[in-house]
Structure formats: structure tokens, C-alpha cells
Amino acid sequence: MSATKKDAAPRSAGRRVAVVGQGYVGLPLAVGAVEAGHTVVGYDVDEGRIARLRSGDSYVEDVGERRLAKALESGAYRPTTDAADLAGFDVAVVTVPTPLLDDVPDLSCIEEAALTLAEHLRPGALVVLESTTYPGTTEDVFGALLQKESGLCPGTDFHLGYSPERIDPGNRRWTLSTTPKIVSGVDEESLRRTEEFYDTVVERTVPVRDPKTAELTKLLENTYRHVNIALVNEMAVIARELGVDVWEAIDAASSKPFGFMPFTPGPGVGGHCLPVDPRYLSWRVERELGRRFRFVDLANDVNSQMPQYVVQRLVEALNELQRPANGSRVLLLGLAYKRNTGDARESPAVKVAELLLRTGAQVHAVDPHVRESVPLDARVRRVELTEEEVAAADAVVLLTAHDDFDYDVVLRGARHVLDCQRRLRPAANVEIL
């Protein structure tokens, strides 16, 4: 089967859609489906989230409060924690977390979603998994549980597909609707139904042979980024020891019109995609094939050490200022893993804060975007970016380059800044990672 989009099929809407999980993936999909003409039940077990959604308070940047309010006012979007509200769905899409538990894939949320949906599964319905996972999950785990609990057979009694999420929080150009959507099914009719549904929500779908191929596609995309970020992170460490400006080298290499794609160093990797997803692939490879996925192992090692390297660089800078880390006041700018978003999942900033606390530093942190709970040590004080805070700090560390930070205040008042994003203009008090 071709992996390119066929001639666009006519859009059809008006189905009853259940979206299980109302986070960074599920909420944009739920609202997008409403805007496409569907009636949507947004289900989540987090009562706090659902209460916020019902009140019109969006915690996801990709869904502004005006869009959310419009979806709610239409009556076509109903956030709920009551699984009984899922009854009668034509299409169900699962967008639940797939974390690691002791470095082993934790599919418990997928399994719980399957058990919940199985109670309401009807012949002819379509169920699609979007959660990132290892090849084989859709059929061997998710589909098998649906069949066991409902008595209905995927591909015969109901349709089953996999379509990996490609949400990039805060990206204004490549949104849910404009980013090509990989689609797959356990048989030809499941693929057709999956593609038909997403054709109502996104501009372009890309069909692939089967769910395993779609699952691997997602892991390939994230592993590619993970490995290349690890490359430039290690290059940054080595370049400094060689006395070379790695950022200038990256800029120069970017002038090559072929064979090079720029990646930049940073304080580590965050979100679900890079710290977690490639490990799903390496775990599956080791378990099924008995071999190590060495590129992933190496990338994990390099990227996981970057918070330690940031702290090491800061301690060295404080020593040059004749200030021991113990007792120094450090101001962290940015807790989110990605600029202009409130997404703090697996954020390296959390690790940087923990490591600084171990040195005895007093840690203050600024991030106006991070509203949902972030697992910060209670000793980290959340503050606003003010002239007084900057002046009181012995050092400032720029971890996440949000556009709405007042960088002039930082440049004017900071004794020393370690800029991990190359956001600030060159100055005597600025050191670039």
C-alpha cells in the first residue's frame, strides 16, 4: 500500500466521538473534532482537569480559552469523568500517557482505557489508539483486551486502527490540522474507516501498511531527534574544551543546502517524546531480538547528563566570581521543557533545580506558562521575573527561552547569566552553554 495520501475523500462528519484522555494530545483532538462537526465526549479520570474544562479554563496552549468556550457553548463537547457517558460512541480515540516504570514501558493507562471502552463497544464502531508505544501494542495488547472484554473481534465485528500523535505544543505553523497524520488499521476496512475519520479533522492523512508500521514510524521520528540532539549536546561539551564556539559552527554548517539539518544543544531533553519514547523501542528490541539498540542507549546517556553539565558549568562560573555554590542564590528562568508552553513533563529544569539544591544553593524559579503541577522540590521558590529578583541572584540560568521573558531586565541586572538556549545578545555578564 502506498504511504502517500490518495486523492482527498469527501469529508463526512456528525459522528459521536469519544476521546479518552484530555491532555496535550486529547484536548486539541476533541476540540478539533467538534469544529469538524462531530459530537464529542472528552473523558479523563483527572477530576481537576475536567472541572477546569467545564469552567472554560484551558491548560493546553494549543486550545485557547475562546476555542474551548465555543466548543462548550455549541453543546457538542462534553468533558466528563463518568465512563457511562461513553456509551453509544461511533469512534473512540485513546490518547492516554505511556510512561516508563523502572525503565520498562508502562501500558497500564492503555489497558485501563481498553477495559473502559470495552463496556460500551458496539459492532461497527471504530477504535483508534494514538498513544506512543512499541510495535505490536495495538493488536497484541489493546485490541486483545478489547476483544476479551467485549467478545467482539477486531477487524470482523469492530474496526481497530493506530494513528500516532504528532502534537508539537505551541507550534503555530504545524498544528493538529496542518500536520500530516499517519493512519493504519488491522485490516483494509479498519484502515479505510480510520482514514475517513481523520480526513474530517486534518488536512492530510498518510496511510501505512499496518499498525506495527505506524507504531514504528512514531518511534523512528522521536529516536531521530533524540540521537541528533545527543550528538550536538556532546559536541557542545567537547567544543568548549577545544576552545571552539559550537553555536557558530552549527550556524556555519546550516548554510549547506543538502546533507545537514541543524539541531542545537540545551540543558537536556523533556516532554514525553524524547526522554521516554525511544526507550520503548530499545526495550522492545532487547526483549524480542535479544540485542541492544546502541544508538538509543548512547543518546539516553548523553542527554540525561546535560542537567549535571549545566550545574557543573554554573558552579565553575560561581567559583570565578568567588562565590561558592553553597549558599548562593540562583534564579532559574523556565521550568517548561519547551519554550512558550506550559508543558513541564520530564523537564530537565526540574533536574537542574534538584542538583542545585544538593550543592546547597538557594533556588528560585520563574515560569509564567507552567500552571499545572510540576514535581519541584518544595525548597524551590516560584517567583516572578522582576528587577529585584534578578539583582538578588548570584547567578541566573536561562533554561527555557520563553518569548515573554523581559531579557533586558536580565541583561541589566544579572551578575552572571548562563544562557542554555543562546537567546541573549553577547554581553560581559552572559555565558553561553
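Owing to the predicted nature of the structure, the values given are computational and were not obtained by experimental measurement.
Although no hydrogens or angles enter the test, the distance criterion places a donor-acceptor pair under 3.5 Å between the side chain of Asp367 and the main chain of Val370. Between the Thr81 side chain and the Val45 main chain, no donor and acceptor come within less than 3.5 Å of each other. Although no hydrogens or angles enter the test, the distance criterion places no donor-acceptor pair under 3.5 Å between the side chain of Trp247 and the main chain of Pro265. Using modelled atom types, one side-chain atom of Arg67 and one backbone atom of Asp62 make a donor-acceptor pair closer than 3.5 Å. Listed for the Thr223 side chain is no donor-acceptor partner under 3.5 Å among the backbone atoms of Leu220. Under the 3.5 Å distance criterion, the side-chain polar atoms of Glu149 are left unmatched by any main-chain donor or acceptor of Glu119. Although no hydrogens or angles enter the test, the distance criterion places no donor-acceptor pair under 3.5 Å between the side chain of Tyr59 and the main chain of Leu53. With hydrogens and angles disregarded, no donor-acceptor distance shorter than 3.5 Å links the side chain of Arg415 to the backbone of Asn429. Of the possible donor and acceptor atoms, none in the side chain of Ser58 sits under 3.5 Å from a partner among the backbone N and O of Gly64. Counting only distance, with no hydrogens or angles, the side chain of Ser282 and the backbone of Phe293 share no donor-acceptor pair below 3.5 Å.
For the pair Leu321 and His416, the minimum side-chain heavy-atom distance is below 4.5 Å. Side-chain atoms of Leu332 and Leu356, non-hydrogen and from C-beta on, do get closer than 4.5 Å to each other. Between Thr98 and Pro105 there is no side-chain heavy-atom pair separated by less than 4.5 Å. Residues Phe89 and Arg15 are not in side-chain contact: their nearest non-hydrogen atoms beyond the backbone lie 4.5 Å or more apart. Looking at Cys420 and Leu398, their side chains never come closer than 4.5 Å, going by heavy atoms from C-beta outward. Residues Arg382 and Leu335 have side chains in contact (heavy-atom distance under 4.5 Å, counting atoms from C-beta outward). Looking at Asp168 and Lys338, their side chains come closer than 4.5 Å, going by heavy atoms from C-beta outward. Contact annotation: the side chain of Tyr134 approaches that of Leu107 to within less than 4.5 Å [non-hydrogen atoms, C-beta and beyond].
At a threshold of 4.0 Å, the pair Lys212-Glu139 does not count as salt-bridged, since none of the basic side-chain nitrogens sits closer than that to a carboxylate oxygen. A salt bridge links Arg329 with Glu389; the closest basic N to acidic carboxylate O contact falls under 4.0 Å. Salt bridge present: Arg412 and Glu387 bring a charged side-chain N and a carboxylate O closer than 4.0 Å. Ion pairing of Arg379 with Asp377 is present here, as a side-chain N (NZ or NE/NH1/NH2) and a carboxylate O approach within less than 4.0 Å. Salt-bridge check for Asp419 with Arg425: failed, with every basic side-chain N at 4.0 Å or more from each acidic carboxylate O.
Expressed to the nearest 0.5 Å, how far CG of Asp82 lies from CD1 of Ile50 amounts to 11.0 Å. Annotation: the span from Gln362 atom CD to Leu357 atom CG amounts to 10.0 Å, rounded to 0.5 Å. For the atom pair CG (Leu145) and CG (Asp140), the distance works out to 11.0 Å, reported to the nearest 0.5 Å. Annotation: the span from Lys351 atom NZ to Gln305 atom CD amounts to 9.0 Å, rounded to 0.5 Å. Note: Ser255 OG to Ile250 CD1 = 13.0 Å, rounded to the nearest 0.5 Å. Here Arg16 contributes atom CZ and Leu86 contributes atom CG; the two are 8.0 Å apart, rounded to the nearest 0.5 Å.
With 3.5 Å as the limit, one finds a donor-acceptor pair spanning the side chains of Thr175 and Ser177. Remark: the Ser108 side chain and the Asp106 side chain contain an N/O donor-acceptor pair separated by less than 3.5 Å. Donor-acceptor pairing under 3.5 Å is lacking for the side chains of Asp251 and Ser254. Side-chain contact check for Asp90 and His38: no donor-acceptor pair (N or O, by modelled atom type) lies under 3.5 Å.
For Arg54, the CZ atom counts as densely surrounded, since its 6.0 Å shell holds more than 12 non-hydrogen atoms of other residues, nucleotides or ligands. Shown here is Phe263, whose CZ atom has more than 12 heavy atoms of other residues, nucleotides or ligands within 6.0 Å. No more than 12 heavy atoms of other residues, nucleotides or ligands sit less than 6.0 Å from atom CZ of Arg287. Residue-environment remark: CD (Glu234) stays at or below the threshold of 12 foreign heavy atoms within 6.0 Å.
A pairwise comparison of heavy atoms in Ala113 and Val20 identifies CB-CG1, 4.1 Å as the closest pair. Among all heavy-atom pairs drawn from Gly26 and Gln22, the shortest one is O-NE2, 3.6 Å. Of all heavy-atom pairs spanning Pro267 and Leu433, the tightest one is N-CD2, 4.2 Å. When all heavy atoms of Tyr198 and Leu29 are compared, the closest pair comes out as CE2-CD1, 4.3 Å. Here the closest heavy-atom approach between residue Val41 and residue Asp85 is recorded as CG2-O, 3.6 Å. The minimum heavy-atom distance between Thr341 and His402, with the atom names listed, is O-CE1, 3.5 Å.
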Lys218 and Glu165: CA distance, side-chain angles, deciding distance, side chain to side chain contact (heavy atoms under 4.5 Å, CB included) verdict: CA-CA 8 Å; Lys218 173 63 175 179; Glu165 60 89 2; 3.6 Å; yes
Evaluation steps, side chain to side chain contact (heavy atoms under 4.5 Å, CB included), between Phe405 and Leu385: CA-CA 8 Å; Phe405 280 152; Leu385 179 57; 3.9 Å; yes
Intermediate values then yes/no, side chain to side chain contact (heavy atoms under 4.5 Å, CB included), Thr194 and Ser184: CA-CA 7 Å; Thr194 302; Ser184 67; over 6 Å; no
From CA spacing to verdict: side chain to side chain contact (heavy atoms under 4.5 Å, CB included), Tyr337, Glu346: CA-CA 7 Å; Tyr337 86 89; Glu346 307 292 335; over 6 Å; no
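Listed by first and then second residue, the salt bridge (charged side-chain N to carboxylate O under 4.0 Å, His left out) pairs that reach into residues 307-317 are Arg240-Glu316, Arg313-Glu431, sequence neighbours excluded.
When each of Leu231, Val269, Asn233, Asp297 is checked for a side chain to side chain contact (heavy atoms under 4.5 Å, CB included) with Val302, only Asn233 meets the rule. Paired with Lys181 under the rule salt bridge (charged side-chain N to carboxylate O under 4.0 Å, His left out), one option of Glu195, Glu130, Glu203 passes, and it is Glu130.
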